[in-house]
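To start, the structure itself, in structure tokens.
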Amino acid sequence: MHDSPSSDAAFTTIRQALAGEHAVGDRLEIRGWVRTRRDSKAGFSFLSIYDGSCFDAIQAVAPGELPNYQDAVLKITTGCSVIVRGTLAESPGKGQSFEIQADEVEVVGWVDDPETYPMAAKRHTMEHLRQHAHLRPRTNIIGAVTRVRHTLAQAVHRFYHQNGFYWINTPIITGNDAEGAGEMFRVSTLDLANLPRTADGAVDFEQDFFGKETHLTVSGQLNVECYCLALSKVYTFGPTFRAENSNTSRHLAEFWMIEPEIAFADLVATADLAEDFLKYIFKAVLDERPDDMAFFAKWVDKGCIDRLEKFVESSFERMEYRDAIKILEGASKKAKFEFPVHFGADLQSEHERYLCEQHVGRPVVLMNYPKDIKAFYMRLNDDDETVAAMDVLAPGIGEIIGGSQREERLEVLDQRLATMDLPAEDYGWYRDLRRYGTVPHAGFGLGFERTIIYATGIDNIREAIPFPRVPRNADF
RNA sequence: UCCUCGGUAGCUCAAUGGUAGAGCAAUCGGCUGUUAACCGAUGGGUUGGGGGUUCAAGUCCCUCCCGAGGAGCCA
């Protein structure tokens, strides 16, 4: 980036200035937003300024001799944008090693009506921040989440690239009738007030933009399998959409998902991949964002750093669904489950929590679920009773990963479609993958925002994405 | 969709059916380097909307809206 031509001071980010990348005595220019102004008894002011380049703000000391001190500096409030030029100095005060001795303070943008500025320099409730989603990135916590999210995303791509995976951009608009993962949002250009009808009165989607019904994708998996059976190791990383009326701290209507898919691989291989992958991206957060993680450990979740360090060092607990049921049956009296446990039942939140929080105390990989509670594409095991599915359960969150080995045998896939009452003709191209050079393959889906929750300890998924979409709310 | 809790000053919260308050923020003033600075003063309200009970409603009842937590669904 080019320095400002208007000044002899070198433009620097606050991260660079605080990291000692400039010498004491250098004349620097910093650009950012004011978090607080404190006036000294001696007739000068301290400005705490952040620019997002790191967690910490830098302190600028504005002397009373500045020509605009009375008219401008003393009128600065939280949220004003400023350009400060001055000399980098060692700070005599506590809380920072360096500060800027300002010789110029330029207010670029004032705060209109400071009393009602929603992001005052104080603790706010998360509900309040959500109602001002356009301003909340100015807070410490959302700034920190944003940097961690970026670091995780970069680490995702780096991990897969370094391991020979190709990033496949699967479509966001899908014409698949059944991706098999929940309610879908309709995509249409038809005039809702004047819908075209067929002879029998149904909506005539042949007149719609794509000439058929289309929706927003709920998963890139079926599409990415096509590329897996040609490029061997692939992944998707992009937005997905669920029109479920879910009102919880773990669900979004629009969220990002990472879905790797590997050829010539079985369930164990995908569980191994999930473990290596999660360890890699969490280690990246520990290595690259210690400042933000220290903030989360201090104000949000005391154990979050410790938890990630243990996660990176220890191995996942692997457990058969069958064995999990036995453990839960044995614990059901003491744990007082609301819902009964038996083979064939899907596990409730309380059961998943017991397994990973009480019984094991760290993430658990559950494998080989009963076929009746899992999707059609999961590979039937030899016992004819279970499928090669796995879930990774994380303490405090529940299911963070869902994956499986895919059914690669056409006749078994067709049987599964038939038993589940799914019309084979809707899966033409998906069945073709089994007709032309099929191979065993497997993959999983990781909810990106749930990963962010786990890393930071924030307790609501609506803080893990810049502009959360949930039922009845698509503001901003 | 279901269950529970909530909506009072810009923010966070008080207020037995009986005169709507505090802290922070803001504004003004004071104070010899402050760290969410400190001290003093000032301004700030259709108590989410509508209806009802009552001499009297922030408070009780009905209804709608909005928010949070949990469940289900899942990532």
Side-chain angles (χ1 to χ4, degrees), chain A residues 35-48 56-64 74-75 77-79 89-96 99 101 111-132 135 139-140 179-183 218-221 239-259 274 299 338-339 346-350 352-353 373-375 391-394 397-403 444-454 459-462 464-465 470-473 475:
Chain A
R35 178 146 287 132
T36 59
R37 188 196 90 223
R38 295 181 296 275
D39 300 325
S40 156
K41 309 165 199 170
F44 54 94
S45 298
F46 301 98
L47 299 174
S48 182
D56 286 318
I58 196 167
Q59 173 165 288
V61 184
L74 281 181
K75 291 188 163 56
T77 56
T78 299
E90 286 179 22
S91 178
K94 289 176 183 168
Q96 66 276 323
E99 64 186 21
Q101 291 288 344
V111 166
D112 179 45
D113 190 10
E115 182 177 359
T116 58
Y117 179 60
M119 296 295 122
K122 54 177 277 188
R123 291 198 84 169
H124 288 100
T125 59
M126 291 302 120
E127 295 79 33
H128 177 72
L129 298 189
R130 276 172 222 151
Q131 281 158 13
H132 303 275
L135 298 172
T139 61
N140 280 330
E179 291 181 339
E183 293 295 312
V218 294
S219 164
Q221 181 202 314
T240 48
F241 308 86
R242 306 272 167 98
E244 303 284 356
N245 191 9
S246 297
N247 290 287
T248 83
S249 56
R250 306 178 307 283
H251 289 85
L252 292 165
E254 175 182 274
F255 65 100
W256 285 57
M257 189 152 62
I258 297 142
E259 295 174 286
W299 295 104
E338 186 184 346
F339 296 93
D346 209 353
L347 298 182
Q348 306 291 317
S349 286
E350 58 178 349
E352 297 181 345
R353 288 196 161 212
I373 59 172
K374 288 294 180 182
D391 282 354
V392 179
L393 311 178
I397 301 170
E399 187 177 340
I400 190 172
I401 280 179
F444 63 80
L446 170 71
F448 189 47
E449 286 76 18
R450 289 187 180 175
T451 310
I452 293 168
I453 290 179
Y454 187 76
D459 52 20
N460 196 308
I461 201 163
R462 290 165 207 182
I465 190 166
V470 295
R472 313 190 63 81
N473 189 349
D475 292 341

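Please read these numbers as outputs of a predicted model, since none were measured by experiment. So you know, we letter chains A, B, ... as the sequences are listed, proteins then strands, and number each from 1.
Pairing of U27(B), defined by two Watson-Crick or G-U wobble distances under 3.5 Å, is identified with A41(B). Pair assignment for G69(B): C3(B), on the basis of Watson-Crick or G-U wobble contacts that are both within less than 3.5 Å.
As a whole-Å value, the separation of His124(A) NE2 from C13(B) C1' is 14 Å. To the nearest angstrom, P of G10(B) lies 18 Å from CG of Leu129(A). One interatomic measurement links the two molecules: CD of Glu338(A) to P of U4(B), which rounds to 14 Å at whole-angstrom precision. Remark: P of G70(B) and CZ of Phe339(A) are 15 Å apart, rounded to the nearest angstrom. Atom C1' of nucleotide G70(B) and atom CD of Glu350(A) are separated by 12 Å, given to the nearest angstrom. For the pair Asp475(A) CG and C66(B) P, the interatomic distance rounds to 11 Å; values are reported in whole Å. Atom NE2 of His128(A) is separated from atom P of U12(B) by 6 Å (rounded to the nearest Å). The distance from atom CE of Met119(A) to atom C1' of U12(B) is 14 Å, rounded to the nearest whole Å.
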Contact letters for nucleotides 20-36 of chain B, in which S counts primed atoms plus P, OP1 and OP2 and B counts the base, heavy atoms under 4.0 Å: ---BBBSS---BSBBB-
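Remark: the separation of the C1' atoms in G48(B) and U59(B) is 16 Å, to the nearest Å. Here, U1(B) and C13(B) have their C1' atoms 33 Å apart, quoted to the whole Å. Taking atom P on both nucleotides, C64(B) is separated from C3(B) by 13 Å, rounded to a whole Å. Atom name C1', nucleotides G29(B) and G43(B): the rounded distance is 15 Å, in whole Å. Between U16(B) and G58(B), the two P atoms lie 13 Å apart (nearest whole Å). For G7(B) and A15(B), the P atoms lie 10 Å apart once the distance is rounded to whole Å. Between A9(B) and G23(B), the distance separating the two C1' atoms is 12 Å to the nearest Å. Using atom C1' as the reference point in both C2(B) and C55(B), the two lie 42 Å apart (nearest Å).
Between Thr139(A) and Met119(A) the shortest side-chain heavy-atom distance falls below 4.5 Å. You'll find the side chain of Ile400(A) reaches within 4.5 Å of the side chain of Thr451(A), heavy atoms only. Side-chain contact between Thr240(A) and Trp256(A) is absent, with no heavy-atom pair separated by less than 4.5 Å. With contacts defined as side-chain heavy-atom distances shorter than 4.5 Å, the pair Pro63(A)/Gln101(A) does not qualify. When side chains are defined from C-beta on, Asp391(A) counts as touching Lys374(A), because their heavy atoms get closer than 4.5 Å.
Comparing Gln131(A) and Ser246(A) by the nucleotide of RNA chain B that holds the closest heavy atom to each, the one mapping nearer the 5' end is Gln131(A). Map Glu399(A) and His132(A) each onto its nearest nucleotide of RNA chain B; the residue landing nearer the 5' end is His132(A).
A donor-acceptor contact closer than 3.5 angstrom is absent between the side chains of Thr125(A) and His128(A). A side-chain donor from one of Arg35(A) and Asn140(A) sits under 3.5 Å from a side-chain acceptor of the other.
A close approach under 4.0 Å does occur between a side-chain nitrogen or oxygen of Ser249(A) and OP1 or OP2 of G70(B). Taking side-chain N and O atoms only, Asn245(A) has no distance below 4.0 Å to OP1 or OP2 of C2(B). Taking 4.0 angstrom as the limit, Arg462(A) places a side-chain polar atom (N or O) nearer than this to OP1 or OP2 of A68(B).
Between Val111(A) and Thr78(A), the closest heavy-atom pair is CG2-O, 3.4 Å. Contact record, Gln59(A) with Ser91(A): NE2-OG, 4.4 Å, taken as the closest heavy-atom pair.
Residue contacts for Leu252(A): at a heavy-atom cut-off of 4.0 Å it reaches a base atom on one of the strands shown. Among the atoms of the strands shown, base atoms are found under 4.0 Å from some heavy atom of His251(A). Using a 4.0 Å heavy-atom distance criterion, Arg472(A) is classed as a sugar-phosphate-only contact.
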